[in-house]
Number of protein chains: 2
Amino acid sequence: MAMNDKTPPDQSAAQAAGGEASPPTLKTIAFMTGLGVTTVSRALKDAPEIGAATRQRVQLVAKQIGYRPNRAGVRLRTGKTNVISLVLNTEEQIGGFVSDLIYGISEALAPTPYHLVVTPYSRTNDPLEPVRYVVETASADGVIISHIEPDDPRVRYMTEHGMPFATHGRTHMGIEHPFHDFDNRAYSREAVEKLAALGRKRLALLAPPSNLSYYRHMRDGFADALMEQGLSEVPFPTATVDHSIEELRKLTTELMLRPNRPDGFVSGAGAGTFALVAGVEDAGFKLGQDVDIVSKQTSKLLHLLRPQLYVVNEDIRLAGAELAHAVLGRISGRDMASLQSISHPRAVEAYEA
Amino acid sequence: MAMNDKTPPDQSAAQAAGGEASPPTLKTIAFMTGLGVTTVSRALKDAPEIGAATRQRVQLVAKQIGYRPNRAGVRLRTGKTNVISLVLNTEEQIGGFVSDLIYGISEALAPTPYHLVVTPYSRTNDPLEPVRYVVETASADGVIISHIEPDDPRVRYMTEHGMPFATHGRTHMGIEHPFHDFDNRAYSREAVEKLAALGRKRLALLAPPSNLSYYRHMRDGFADALMEQGLSEVPFPTATVDHSIEELRKLTTELMLRPNRPDGFVSGAGAGTFALVAGVEDAGFKLGQDVDIVSKQTSKLLHLLRPQLYVVNEDIRLAGAELAHAVLGRISGRDMASLQSISHPRAVEAYEA
DNA sequence: AAATCCTATTGCAACGTTACAGTTCTTGTC
DNA sequence: GACAAGAACTGTAACGTTGCAATAGGATTT
């Protein structure tokens with residue numbers, strides 16, 4: 001009887017020749033165990049119709065020879081890419097934001113079979129373009145985007161096309177979706193309260209770009225707290241955290257030299273705060289004396305600024321991890337509620353010389 | 001005559017139904033042009049044995065319907081992944097280094113069919129592990145690594161296994177490979193010369209971790225210049241740019257309070273310089289008066305430190321682009337010489353208040 | 001007019017995987 | 001003892017691509 005017409009994969013031959021051993025495939029295991037390829041495939045994914053003994057045997061052999069499913073094979077057959085795409089603007093701000101985000105995502109994906117692919121776009125392009133690319137070419141199972149707008153075309157697009165995604169920031173467009181956000185409203189409120197407690201009266205807000213969702217949040221918290229504390233705002237003309245560092249410094253100096261200069265700042269971003277501090281000092285004023293600054297920070301660098309300064313930490317690495325879990329949750333069909341998280345600011349910390 | 005037994009891909013049916021149009025494949029184009037799949041495949045890659053008219057017609061149709069080769073199909077068939085893997089330590093230093101590197105790589109890869117995959121590892125793991133993973137699973141066509149050691153096991157491993165790669169930093173192990181590096185030797189030399197010109201006598205070096213290649217380069221330039229200028233070194237005990245920011249600040253303060261404190265610093269990294277400045281000021285000394293600092297910077301943030309400070313810019317975005325071109329060059333078999341580049345520091349710049 | 005040689009095109013097979021539709025064998029039921 | 005039912009396993013086909021060997025048809029040579 002022709003006990004086995006299963007061909008031994010040329011594996012053995014190649015290996016004996018001492019050359020580069022081509023990686024083991026299902027066929028290799030099938031040959032080694034004397035089973036069919038299909039059985040091996042199912043045994044490895046714990047399908048119920050495979051006998052317990054067989055399953056164990058297959059899994060043992062697979063582990064022994066270091067079998068890893070060929071991604072291209074799986075992808076071609078199932079359409080599943082095992083890829084999460086992080087869509088990034090390459091004209092991105094200065095600072096470690098992207099680094100930390102990537103670290104956070106990477107760590108969360110590490111124990112999974114997912115790879116992280118960076119999909120860039122530059123300011124010149126339509127922000128929708130990279131997203132469309134990923135959707136059209138089905139080159140990822142899920143997408144993470146940041147710099148969210150209240151009415152974000154990317155969110156609409158991916159929702160309509162059934163592409164799982166998570167956003168770093170909330171939207172306000174009547175579409176439920178996974179997100180992670182920092183409570184910027186609470187932040188700016190606390191910042192104002194801190195400045196009020198310090199006796200400051202005329203506050204300026206270094207706000208995010210006005211098209212982004214968290215602009216509103218931060219503004220609202222700022223405005224509400226101003227009202228409650230009976231303080232007034234000194235408008236920061238046209239400046240946002242997105243300005244070039246040098247430009248921002250100049251604007252700050254100019255602002256400080258006006259008759260009704262602010263005596264307190266709430267800063268919406270870590271890197272911008274350096275410019276703020278420099279701008280204030282350049283105008284001849286002293287922090288902790290003429291003016292106080294409360295800033296968010298995503299690194300620990302502001303701790304090193306010797307002028308007295310108040311900071312609230314935003315953990316971007318954590319955000320990355322949350323976002324990764326959110327997309328994965330979406331992909332595996334978990335219910336929406338568990339995929340939406342907001343991290344709240346800890347109390348304002350003072351770092352004094 | 002059965003003019004065509006080519007089956008129309010269910011494309012049309014699906015599209016007519018108004019549902020999600022499955023992306024066009026070679027089969028789609030073959031059906032539309034009345035040609036065979038093979039012909040279409042070859043026509044699209046400008047194979048010489050295809051008639052000019054046919055080629056043009058195929059390419060036109062392909063463009064019209066927005067055909068994009070299915071990556072999984074190509075990858076399964078050819079083994080080519082069209083992926084470049086960036087291997088990263090997720091315990092990475094503070095600051096925008098990784099961001100800029102990724103931006104640079106992304107921009108260089110944008111006009112190519114290559115995707116950028118981030119392959120992380122944490123300090124607890126063997127640094128060789130992620131590299132081995134990529135090689136064993138053939139999950140990338142090329143690899144970029146940083147934090148290079150003079151005798152780097154990853155370089156050895158990838159060379160032995162024929163995996164194209166480029167390194168951010170040089171090695172000294174008798175293996176030729178593509179790299180990009182910053183001339184840290186020239187940098188520390190120029191830094192010392194600048195400090196000498198300012199009349200400083202006792203210099204300290206905030207060096208990179210001693211296992212890394214550029215530690216030697218920076219040290220050599222420092223030592224040579226010290227000798228030439230007849231200056232002496234004040235050893236910076238155990239401190240490297242890899243220390244935690246806070247620790248580094250403390251060490252600096254301690255150093256400054258010793259009897260033979262330095263009157264000049266050469267800093268090997270941007271983020272560490274913040275700690276240096278803070279440490280000096282905490283000890284009660286003034287920059288530009290008691291002590292001068294020359295630092296590398298990879299962002300523009302140091303420009304904002306108001307104490308007088310001297311900086312040399314290192315363009316990490318450029319490094320990323322160079323590295324990307326180097327791996328791609330390696331993959332396409334370009335000769336080694338054109339894949340090795342060193343960027344030289346511009347003159348020391350002063351940023352004064 | 002036959003043989004030869006190109007040119008342009010073709011189908012088949014295979015990469016590694018999984019869905020599907022069997023097939024064999026054991027066990028239990030009447 | 002016949003038969004149904006389930007358990008355990010199997011082969012075939014297909015995802016989209018490209019290398020290979022083959023072929024049809026026309027032009028060129030003999």
Side-chain angles (χ1 to χ4, degrees), chain A residues 1-7 9-11 14 22-31 33-58 62 65 67-82 113 136-139, chain B residues 1-7 9-11 14 22-31 33-58 62 65 67-82 113 136-139:
Chain A
M1 79 223 214
M3 189 201 142
N4 231 338
D5 50 351
K6 288 154 192 161
T7 2
D10 37 13
Q11 198 66 6
S22 60
T25 69
L26 289 180
K27 208 167 163 189
T28 317
I29 303 180
F31 176 66
T33 55
L35 295 166
V37 179
T38 305
T39 310
V40 173
S41 172
R42 319 216 71 169
L44 286 176
K45 38 178 58 68
D46 291 318
E49 66 268 35
I50 302 296
T54 307
R55 172 161 53 236
Q56 284 200 359
R57 197 157 60 94
V58 169
I65 65 175
Y67 167 78
R68 319 227 204 181
N70 179 305
R71 308 191 121 233
V74 175
R75 180 163 170 179
L76 182 57
R77 181 66 243 252
T78 65
K80 182 151 211 272
T81 62
N82 282 301
E136 283 175 1
T137 63
S139 60
Chain B
M1 80 224 216
M3 189 202 142
N4 233 336
D5 50 350
K6 288 154 189 157
T7 2
D10 37 14
Q11 197 67 9
S22 61
T25 70
L26 289 180
K27 209 167 162 189
T28 315
I29 303 180
F31 176 68
T33 55
L35 295 165
V37 179
T38 304
T39 310
V40 173
S41 172
R42 321 217 71 167
L44 286 176
K45 39 178 58 70
D46 289 320
E49 67 268 35
I50 301 297
T54 306
R55 171 161 52 239
Q56 285 200 357
R57 196 158 59 92
V58 169
I65 64 175
Y67 167 77
R68 320 227 206 181
N70 178 304
R71 308 191 121 231
V74 175
R75 181 163 169 180
L76 182 58
R77 180 69 242 254
T78 65
K80 182 148 209 268
T81 62
N82 283 302
E136 284 175 1
T137 62
S139 58

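Throughout, a chain's letter reflects where its sequence line sits, starting with A, and its residues are numbered from 1.
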Task: Phosphate OP1/OP2 of D:dC9: any A:Thr54 side-chain N/O under 4.0 Å - done: yes

- [ ] On DNA chain C, check which nucleotide each of A:Gly73 and B:Pro48 is closest to and give me the residue with the more 5' one.
- [x]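 Result of the comparison: B:Pro48.
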
Could you give the [atom1]-to-[atom2] distance, from [X] to [N], as a whole number of Å?
X	N	atom1	atom2	result
A:Glu49	D:dA5	CD	C1'	16 Å
B:Ile50	D:dT18	CD1	P	13 Å
A:Lys45	C:dG16	NZ	P	16 Å
B:Lys27	D:dT18	NZ	P	16 Å
A:Arg68	C:dT17	CZ	P	13 Å
B:Leu35	D:dT18	CG	P	16 Å
B:Leu76	D:dA14	CG	P	16 Å
B:Ile29	D:dT17	CD1	C1'	12 Å

Of the listed nucleotides [options], the one nearest the side chain of [X]:
X	options	result
B:Thr78	D:dT18, D:dT17, C:dT9	D:dT18
A:Val37	D:dT17, D:dC9, C:dT18	C:dT18
B:Val74	D:dT17, C:dT18, D:dC20	D:dT17
A:Ser41	C:dT18, C:dC15, D:dC15	C:dT18

Open item on the list: Between C:dT17 and A:Arg77, counting only base atoms on the nucleotide and side-chain atoms on the residue, is there a donor-acceptor pair under 3.5 Å?
Closed with: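 Under the 3.5 Å cut-off, the side chain and the base do not form any donor-acceptor pair.
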
TODO: Select base, sugar-phosphate, or nothing to describe what B:Thr38 touches, counting heavy atoms under 4.0 Å on all strands.
DONE: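 Result for B:Thr38 = base.
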
Closest contact, heavy atoms only, [X] versus [Y]:
X	Y	value
A:Thr33	A:Arg57	O-NH1, 3.3 Å
B:Val74	B:Pro69	CG2-CB, 4.3 Å
A:Ala72	B:Arg75	CB-CG, 3.6 Å
A:Ala62	A:Ile29	CB-CD1, 3.7 Å

TODO: Please lay out, stage by stage, how A:Arg71 and A:Asn82 fare under the test side chain to side chain contact (heavy atoms under 4.5 Å, CB included).
DONE: CA-CA 8 Å; A:Arg71 308 191 121 233; A:Asn82 282 301; 3.6 Å; yes

